[in-house]
Amino acid sequence: MKEKFYITTAIAYTSKKPHIGNSYEVVLTDAIARFKRMQGYDVFFLTGTDEHGQKIEEIAKESGVTPKEHVDMVAGQIKDICDTLNTTYDKFIRTTDADHEKVVQKIFNKLYEQGDIYKSEYEGWYCTPCESFWTETQLIDGKCPDCGREVKKTKEEAYFLKLSKYQKQLEEYIESQPDFIFPEGRKKEMINNFIKPGIQDLCVSRTSFKWGVPVTFDEKHVIYVWIDALSNYITAIGYDPDGSSNLYKKYWPADVHVIGKDILRFHTIYWPIMLMALGEPLPKKVFGHPWLLSGADKMSKSRGNVIYADDLAKQFGVDAVRYYLLSEMPYTADGSITYESMIEKYNSDLANTIGNLVNRTVTMVNKYFDGTLPCCNCNEELDNELIDLASNTYKKLESLMDEFRISDALDTILNIAKRCNKYIDETAPWVLAKDEEKKGRLSTALYNLIESIRIMAILIKPFIPTTADEIMKQINCDITDYESVKTFGAYKLGTKVGTATPLFNRIDAEKFLKELEESMPKPEPEKPAEPELPEVEIDHFGALDLRVAKILACEKVEKSDKLLKLQVDIGSEKRQIVSGIAKDYTPDDLVGKKVIIIKNLKPAKIRGVESKGMLLASSGKDKINVIFAPENAEPGEKVR
């Protein structure tokens, strides 16, 4: 019976289409899953999407769609990217799946009934993008300590999970399980920065928005992100407080959660405590990988440095994107991606080192032996180094993969190709081919190359699977089992190789970057700065009669997309004002609100409609913002 291996990514948040930095994680996890399958493990690989929360509710409202319509669209984009990158997940879970939501409610109820969840009130600072609450002392310069964005003062009724109750139990577990948090530096960070200072109870419900899983016994509340999102790892394989499935019993606990370093706290504090409270085993390992940056900066649309995986796949090919992501990311430090560095690695590693090796070798076998090697018994001392390297690489590879040192693992495999290229220079097959008496030696040298390439192709398949298959096709070999890489000589003599076809065509960097620049959308020209107006005396300002007005009614002006007709009360009278704010405000946004108008503006006709006065508003980059008066201001009050 095969040993099981359960591996998960963090589920992707469905606020927007993920950039290449977000996509790195699923490729990394896929490479580990593929390697484990190749070793003979019974692997279950889970990925998916996190689809609830206030941020999504707000984005959907701004976009004029329902939250479900929004998450359906983004979840579809995320799944498409996973498929484009040739990832072999066994299940793609969505937290809007009905079976997931049902079990989440059962988990919440169980924790409440056993006293691990209690109702109280939360007052503090809330970061919507991070879905996190912070105390005053945790803020940095008054902003979210995780993302640096603005936070909102929040006070609302909420349910809390008793994290503090399990602090000692969690500390003891982490200390007794040295491999629980990977890498070691991340473990120290969690213990020293978050656990030792004291774990605060966790807010696990909200009342200020509706887009979430309802609390069954308190309809005002929806279950807050962490119980909903984190429990996907067990609901996906059939956990149920009333009786779990055989699939759950087979695969849980997870062998490793692969997550970004920014959410390590949630997976090594909140999640283990939830499981302790449920009486379930904890995951064996949590691997917090670093970030992939664009150059030296995090990717963001506002910086204009966002790169998407599907765009890269069209430009370079799927395997080239996978190779770059997996080879360029250090073990603990952040990695980076630029088009320049990707072209350089593509040309050096894929086109020159791997592609050129396969092409030269298959070409020489076809040229010198009509595609079929007759013998390989003319070994020399020179061969031993290559044979030893090729047949023992798997040992080093296994060790590196067990520690999730993926970049180092790929370097180890690439060393086979580098040594083969050196071996070609050392044996000089083109010289041997000129001497009929050295045909045996030539055949042996070429066999050693073909067999080394075969071993390399098997080992590299978890990382660049399509390329590995193409290599095996070109050397015409169907011996692909992992056990065969442990001894040298599995390639069958008498096999006729295929046709040498370039695996990767070199990229002209200068031409590529020029074409890329030309294809990029041109930024809109900056608007010229508004001229400075001359200074005025206070008497000039005093000539404007500014008054508070209450909007009584509002409707669109016929045959105009920009104009609204407002009926306003200014205390002493009611009058009509026409304002060009229809693209940013609807009548429902305005009726009943109090605004500031210029009362003594000369009346005018706009599109044939009389307007007596003007609303005050600011003109932003993309939006007009009406200036509203305080709610306690009375119509007709003078603004000074």
Side-chain angles (χ1 to χ4, degrees), residues 316-317 319-320 323 345-380 382-383 385-387 389-391 393 413-461 463-480 484-485 488-508:
F316 294 94
D319 273 8
Y323 183 86
K345 184 165 278 288
Y346 176 101
N347 284 338
S348 64
D349 291 6
L350 298 177
N352 289 0
T353 303
I354 295 174
N356 194 36
L357 166 65
V358 175
N359 193 273
R360 291 167 78 190
T361 303
V362 173
T363 296
M364 286 189 290
V365 174
N366 278 315
K367 180 178 180 180
Y368 300 137
F369 293 101
D370 197 26
T372 306
L373 297 175
C375 64
C376 62
N377 55 4
C378 298
N379 290 309
E380 294 183 1
L382 177 65
D383 305 337
E385 186 180 332
L386 174 63
I387 293 170
L389 175 69
S391 57
T393 293
I413 301 169
L414 191 67
N415 283 339
I416 297 177
K418 289 177 178 177
R419 186 66 189 86
C420 283
N421 283 320
K422 182 182 177 186
Y423 181 78
I424 291 174
D425 293 336
E426 292 168 341
T427 56
W430 52 90
V431 175
L432 295 173
K434 294 176 182 178
D435 189 340
E436 191 63 33
E437 292 184 2
K438 292 185 178 178
K439 281 281 185 169
R441 176 59 189 152
L442 174 60
S443 178
T444 299
L446 291 177
Y447 178 87
N448 290 340
L449 287 168
I450 289 283
E451 173 65 353
S452 297
I453 288 169
R454 183 192 71 84
I455 290 172
M456 178 191 70
I458 293 172
L459 296 180
I460 211 166
K461 185 165 183 175
F463 310 94
I464 48 174
T466 303
T467 301
D469 288 343
E470 179 59 26
I471 292 172
M472 297 304 266
K473 179 182 174 183
Q474 290 194 31
I475 65 173
N476 190 21
C477 183
D478 59 2
I479 303 170
T480 59
S484 72
V485 306
F488 198 88
Y491 188 79
K492 295 174 184 176
L493 277 172
T495 301
K496 186 175 178 63
V497 299
T499 303
T501 306
L503 295 171
F504 300 96
N505 293 309
R506 278 186 59 81
I507 295 173
D508 182 328

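Nothing here was measured: the structure is a model prediction, and the numbers come from that model. Residue numbers run from 1 in the order of the sequence given.
Ser484 and Arg454 are linked by a side-chain donor-acceptor pair at a separation below 3.5 angstrom, with hydrogens and angles left out of the test.
Here the closest heavy-atom approach between residue Ala468 and residue Ile460 is recorded as CB-CG2, 4.2 Å. Taking all atoms of both residues into account, the shortest heavy-atom contact from Cys420 to Leu449 is O-CD2, 3.6 Å. Considering every non-hydrogen atom in both Tyr423 and Leu382, the closest pair reads CE1-O, 4.2 Å. Heavy-atom minimum distance, Leu389 versus Ile416: CD2-CA, 4.1 Å. Minimum interatomic distance between Arg441 and Thr427 (heavy atoms only, all atoms of both residues): NH2-CG2, 3.9 Å. Scanning both residues, Met472 and Ile479, for their nearest heavy atoms gives CE-O, 3.5 Å.
Atom CG of Asp425 has more than 12 heavy atoms from other residues, nucleotides or ligands within 6.0 Å. The 12-atom threshold is exceeded at NZ of Lys345, counting heavy atoms of other residues, nucleotides or ligands nearer than 6.0 Å.
In this structure, Lys439 forms no cation-pi arrangement with Tyr368, as its terminal cationic atom is not both closer than 6.0 Å to the ring centre and no more than 45° off the ring axis.
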Stepwise side-chain contact (heavy atoms from CB on, under 4.5 Å) test for Ile450 and Val365: CA-CA 9 Å; Ile450 289 283; Val365 174; 4.2 Å; yes
Pair Leu493-Cys376, side-chain contact (heavy atoms from CB on, under 4.5 Å): steps then yes or no: CA-CA 8 Å; Leu493 277 172; Cys376 62; 3.7 Å; yes
Residues Phe504, Thr353; criterion side-chain contact (heavy atoms from CB on, under 4.5 Å); working and verdict: CA-CA 10 Å; Phe504 300 96; Thr353 303; over 6 Å; no
Residues Leu350, Thr467; criterion side-chain contact (heavy atoms from CB on, under 4.5 Å); working and verdict: CA-CA 10 Å; Leu350 298 177; Thr467 301; over 6 Å; no
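With rounding to the nearest 0.5 angstrom, the NZ atom of Lys422 is 11.0 Å from the CG atom of Leu386. Of the inter-residue distances, the one linking Leu446 atom CG with Asn366 atom CG reads 10.5 Å to the nearest 0.5 angstrom. Separating the CE atom in Met456 from the CD1 atom in Ile453 is a distance of 6.0 Å, to the nearest 0.5 Å. In this structure, OG1 on Thr361 lies 4.0 Å from CD1 on Ile424, to the nearest 0.5 angstrom. We find the NZ-CG distance between Lys434 and Leu442 to be 12.5 Å, quoted to the nearest 0.5 Å. Going from atom CD of Glu426 over to atom CD of Glu385 covers 7.0 Å, rounded to the nearest 0.5 Å.
Within the 4.5 Å cutoff, the side chain of Asp319 has heavy atoms near those of the Pro465 side chain. When side chains are defined from C-beta on, Asp349 does not count as touching Ile354, because their heavy atoms never get closer than 4.5 Å.
Without hydrogens or angle criteria, Tyr447 side chain to Tyr491 main chain gives a donor-acceptor distance under 3.5 Å. The closest donor-acceptor contact from the side chain of Asn421 to the backbone of Ala417 lies under 3.5 Å. Between the side chain of Glu451 and the backbone N or O of Ala490 there is at least one donor-acceptor pair closer than 3.5 Å. In this structure, the side chain of Lys496 does not engage the main chain of Asn476 through any donor-acceptor pair within 3.5 Å. In this structure, Gln474 contributes its side chain and Asn359 its backbone to no donor-acceptor pair below 3.5 Å.
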